[in-house]
Student: 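Following this message is one structure expressed as structure tokens.
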Amino acid sequence: TGKHLDFHKLGYEDEGTYKLIGDGETDAVFQLESPGMKRFMRDLKPSTFEDIIAGISLYRPGPMDSIPKYVSYKHNPETIKYDHPLLEPLLKATYGVLIYQEQVMQICQKIGGFSLGQSDIVRRAMGKKNVAEMERQKKIFIEGGVSEKGDPIPGAVANGVPVEIATKIFDEMAGFAKYAFNKSHAAAYAVLAYQTAYLKLYYPKEFFASILNNRLDKIEEISKYLTYVKSKGMAVYPPDINKSGAYFKTERDGLRFGLVGLKNVGLGVINQIEEERAKNGEFISFEDFVNRCISFGINKRLIESLILSGAFDSFGINRRTLIAVYADYVDRIAAANKKKDNFQISIFGTLLDEDEGLELEYPDLPEYSSKEKLTLEKTVLGIYLSGHPLSDYVSQFENFSFNTSVLGFYEEDEEGNKIYTEIKENEHVVMGGIISEFKRLSTKGGQYMAFVKVEDIYGQIEVICFPKVYDNSRDVIKNEEIVKVTGKLQVKDGVPQIIAETIDKFEIKEQAEADKEQEYLGLIIPDEMEDRVDDVLDVLSGYEGNIPVIVAIKGKKYNAHCSIRRCEGLISELKNFVGEKDIIFFKKKS
């Protein structure tokens, strides 16, 4: 956009940003996107930056127990109680709840009379669960004593705090401090959480382009975020040899897929293709692309990836046809270029005609079926882009207890092991998905078992079928089969798995033919805009989807021979040519 965002000037008080967080719309927002954290934020309804810092600190093992109290006190401040008046100025910012290591140190100073250095000794002893040292410091905290440097410490009793209250305060600190964040650490996290929430709210396209480019090597996350943005009405345009850059970028009302995300496509050659396009104009055909770019070292694997991803769809030749002819054509162009490089002379003493034998004739082949197209797309993109085999059945999976979206939420311990926050070990689950691959193995007893990868629209998980389950399900376990899985969740060596109890073919509930309705877009073109129909069709072509278009001109209806998707970007562009009342979406039985 050309704007420079300076959060030192913008501040951290934007109401819209806090509303987004409080609504739980925090997918891709730093530290706030796990389902549990979303629930916490929806309950909390944070209204200050302090709330974000506290929320990040509390959503951890141990401090989590204080979440209900924190939420209740925020919304009902009149119910807050302090064990002693001296605690109020120290805990007021966190609604009377002990949250930070710094608060532990402040309590030691204010109530026990400790120096700052002595307070830090207490904090470290609590954090390391040094029982002997904690007992020694507890006695000093309550009754007073001498610091490490020999300075007198008055103690809580001398400061007017009864023994039983001082004991309770210290014991609560000791139980909490072993889990507590220091506030400075949580505040740094909160800065990024707020900033990413702000960017998501006000610059969603730019934000998600950056998120996706940051995760190019994590295909499950690419799939997750593309599914999310599409569910929010943001367009995701497929790779296009004339419009895509190396990376994801913003385009109109959405994002354009970057070419470097394709398999067998390297950054170097994509940069050269971009430079050629910028210097000599867009490619006008598949032949034009091959002729202009073959010198960059493009190979057949790269071209095949581009074809199957849809990067050449704009040339009007279907993917099956291009796959049938591309290899031979590349060989012919390479051979012709080699002749030119070697200045081969014909027997008549002239240079061979540059175009001799280089015309490309396309056979009349039907396009791949929708299912084949999606499967081949996935082989080169790692994800289903133009659709998903399960997209028509998502609503039928909604009542199942499990989907793979929860696998993206985990914390790492000190050894780097993943601790999944939204998974319960041995929890009984039911999920629906499509089998993407499987491996059959023979057991020592001569029976067979299988490792099956089941994918839903969010990602995939391995399902383990021991012999008894495999015997009952062997007819169902095959690639591209849509299945219903029941079993128990487990995490083995940091990898979530389902130990299957049953795998059954999913019974798809087809909508009755008589009840099926097709949505259409009707456009009434005013007489004065009759000569701009081609411009209208150009706009429609930029919003490809599954809604057919019918155009009315001077009382006659015409099939526009294109299908669009319904979105605000399209309607906004159409208003440049027709009135809002002339843009009509309607349904009729197919």
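We number each residue from 1, following the sequence as shown. Model, not experiment: these values are computed from the prediction.
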Student: Side chains of Y12 and Q195 only: does a donor on one sit below 3.5 Å from an acceptor on the other?
Tutor: yes
Student: Between S442 and Q447, does any side-chain donor sit less than 3.5 Å from a side-chain acceptor?
Tutor: no
Student: Which pair of heavy atoms, one from A125 and one from M134, lies closest together, and at what distance?
Tutor: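 Where A125 meets M134 most closely, the heavy atoms are O-SD, 3.5 Å.
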Student: Under 3.5 Å, is there a donor-acceptor pair between the T404 and K224 side chains?
Tutor: no
Student: Which pairs pass side chain to side chain donor-acceptor pair (under 3.5 Å) with one or both residues in residues 156-171, sequence neighbours excluded?
Tutor: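 For residues 156-171: D83-K168, K138-D171.
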Student: Counting heavy atoms not belonging to K484, are there more than 12 under 6.0 Å from its NZ?
Tutor: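 Not more than 12 within 6.0 Å, no.
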Student: Quick one: side chain to side chain contact (heavy atoms under 4.5 Å, CB included) partners of A93, sequence neighbours excluded?
Tutor: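 Scan of A93 (side chain to side chain contact (heavy atoms under 4.5 Å, CB included), adjacent residues dropped) gives E50.
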Student: Give the minimum heavy-atom separation between L390 and D456, together with the two atoms involved.
Tutor: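 Where L390 meets D456 most closely, the heavy atoms are CD1-CA, 3.6 Å.
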Student: Taking the six-membered ring for Trp and the full ring for Phe, Tyr or His, determine whether the centres of Y202 and Y198 are under 6.0 Å apart.
Tutor: yes
Student: With rounding to the nearest 0.5 Å, note down the distance linking CD1 in I477 to SG in C465.
Tutor: 4.0 Å
Student: Can you tell if the side chain of V463 reaches within under 4.5 Å of the side chain of I503, non-hydrogen atoms only?
Tutor: yes
Student: Just checking K110: does its NZ atom have more than 12 heavy atoms from other residues, nucleotides or ligands closer to it than 6.0 angstrom?
Tutor: no
Student: Please report, to 0.1 Å, the donor-acceptor pairs under 3.5 Å made by any side chain of residues 34-44, with sequence neighbours excluded.
Tutor:
from : atom 1 : to  : atom 2 : distance (Å)
S34  : OG     : M37 : N      : 3.1
K38  : NZ     : D27 : OD1    : 2.9
K38  : NZ     : D27 : OD2    : 3.1

Student: Could you pull out all residues at least two apart from K81 that satisfy salt bridge (Lys or Arg N to Asp or Glu O under 4.0 Å)?
Tutor: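 Partners of K81 by the salt bridge (Lys or Arg N to Asp or Glu O under 4.0 Å) criterion come out as none, since no residue qualifies.
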Student: Identify, with sequence neighbours excluded, every residue that meets ring-ring contact (aromatic ring centres under 6.0 Å, His included) alongside Y82.
Tutor: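 Checked Y82 against ring-ring contact (aromatic ring centres under 6.0 Å, His included); zero matches.
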Student: Is there a donor-acceptor contact under 3.5 Å linking the side chains of D471 and Y448?
Tutor: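 Their side chains do not contain a donor-acceptor pair, so the 3.5 Å distance test is not met.
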Student: Does a side-chain heavy-atom distance below 4.5 Å link V483 with I434?
Tutor: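 No - every pair of side-chain heavy atoms lies 4.5 Å or more apart.
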Student: Taking atom types as modelled, is there a side-chain donor on Y247 or N214 under 3.5 Å from an acceptor on the other?
Tutor: no
Student: A side-chain contact here means heavy atoms from C-beta on lying under 4.5 Å apart; do Q31 and L192 qualify?
Tutor: no
Student: Any salt bridge (charged side-chain N to carboxylate O under 4.0 Å, His left out) pairs touching residues 378-389, not counting sequence neighbours?
Tutor: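 For residues 378-389: K378-E455.
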Student: Mind checking what makes side chain to side chain contact (heavy atoms under 4.5 Å, CB included) contact with I140, not counting sequence neighbours?
Tutor: F114, R136, Q137, I153
Student: Can you sort out the partners of K478 under salt bridge (Lys or Arg N to Asp or Glu O under 4.0 Å), two or more places apart, ordered by chain and number?
Tutor: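 Once residues adjacent in sequence are excluded, the partners of K478 under the salt bridge (Lys or Arg N to Asp or Glu O under 4.0 Å) criterion are E481.
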Student: Strictly by modelled atom types, are D23 and Y18 linked by a side-chain donor-acceptor pair under 3.5 Å?
Tutor: no
Student: Testing the basics here: between T379 and K263, what is the closest heavy-atom pair and its distance to 0.1 Å?
Tutor: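 Looking at all heavy atoms of both residues, the shortest contact is O-CD, 3.1 Å.
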Student: By salt bridge (Lys or Arg N to Asp or Glu O under 4.0 Å), which residues pair with E143, not counting sequence neighbours?
Tutor: K139
Student: Taking the six-membered ring for Trp, is the centroid-to-centroid distance between F397 and F506 below 6.0 Å?
Tutor: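 Centroid distance F397-F506: below 6.0 Å, so yes.
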Student: Using a 4.5 Å cut-off on heavy atoms from C-beta on, say whether the side chain of F451 contacts that of R440.
Tutor: no
Student: Do you know the tightest heavy-atom contact between S401 and H428?
Tutor: OG-O, 4.1 Å
Student: Yes or no on salt bridge (charged side-chain N to carboxylate O under 4.0 Å, His left out) for K232 and E25, after CA distance, side-chain angles and deciding distance?
Tutor: CA-CA 11 Å; K232 296 300 179 182; E25 285 292 332; 3.3 Å; yes
Student: Quick check: do I67 and Y70 have side-chain heavy atoms less than 4.5 Å from each other?
Tutor: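 Not touching, per the 4.5 Å side-chain cut-off.
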Student: What residues form a side chain to side chain contact (heavy atoms under 4.5 Å, CB included) with K468, not counting sequence neighbours?
Tutor: N472
Student: Roughly how far apart are Q460 CD and S436 OG, rounded to 0.5 Å?
Tutor: 4.5 Å
Student: Does K19, at its NZ atom, have more than 12 non-hydrogen atoms belonging to other residues, nucleotides or ligands within less than 6.0 Å?
Tutor: no
Student: On a heavy-atom basis, which atom in G487 and which in I498 lie closest, and how many Å separate them?
Tutor: CA-CG2, 3.9 Å
Student: Residues two or more places apart in sequence or in another chain: which of them pass salt bridge (Lys or Arg N to Asp or Glu O under 4.0 Å) with R252?
Tutor: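 For R252 there are no salt bridge (Lys or Arg N to Asp or Glu O under 4.0 Å) partners, ignoring immediate neighbours.
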Student: Taking C-beta and beyond as the side chain, do K492 and V495 meet within less than 4.5 Å on heavy atoms?
Tutor: no
Student: Please verify the inter-ring angle class for F170 with F141; under 30° counts as parallel, over 60° as perpendicular, anything in between as tilted.
Tutor: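 Ring orientation, 0 to 90° scale: tilted.
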Student: Assess the pair F257 and Y237: is the distance between their ring centroids shorter than 6.0 Å?
Tutor: no
Student: Is there a side-chain contact between I461 and M431 (heavy atoms, below 4.5 Å)?
Tutor: yes
Student: Please identify each residue that fulfils side chain to side chain contact (heavy atoms under 4.5 Å, CB included) with K488, with sequence neighbours left out.
Tutor: E501
Student: Does the side chain of L489 come within less than 4.5 Å of E425's, by heavy atoms?
Tutor: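 When only atoms from C-beta onward are counted, L489 and E425 do not touch, as no gap falls below 4.5 Å.
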Student: Could you check, using the six-membered ring where one of them is a Trp, whether F208 and Y228 have ring centers closer than 6.0 angstrom?
Tutor: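 Centroid distance F208-Y228: below 6.0 Å, so yes.
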Student: How close do S57 and P63 get, counting heavy atoms only, and between which atoms?
Tutor: O-CB, 3.8 Å
Student: Could you walk me through whether Y95 and N76 pass side-chain hydrogen bond (donor to acceptor under 3.5 Å, both in side chains), step by step?
Tutor: CA-CA 9 Å; Y95 312 118; N76 305 282; over 6 Å; no
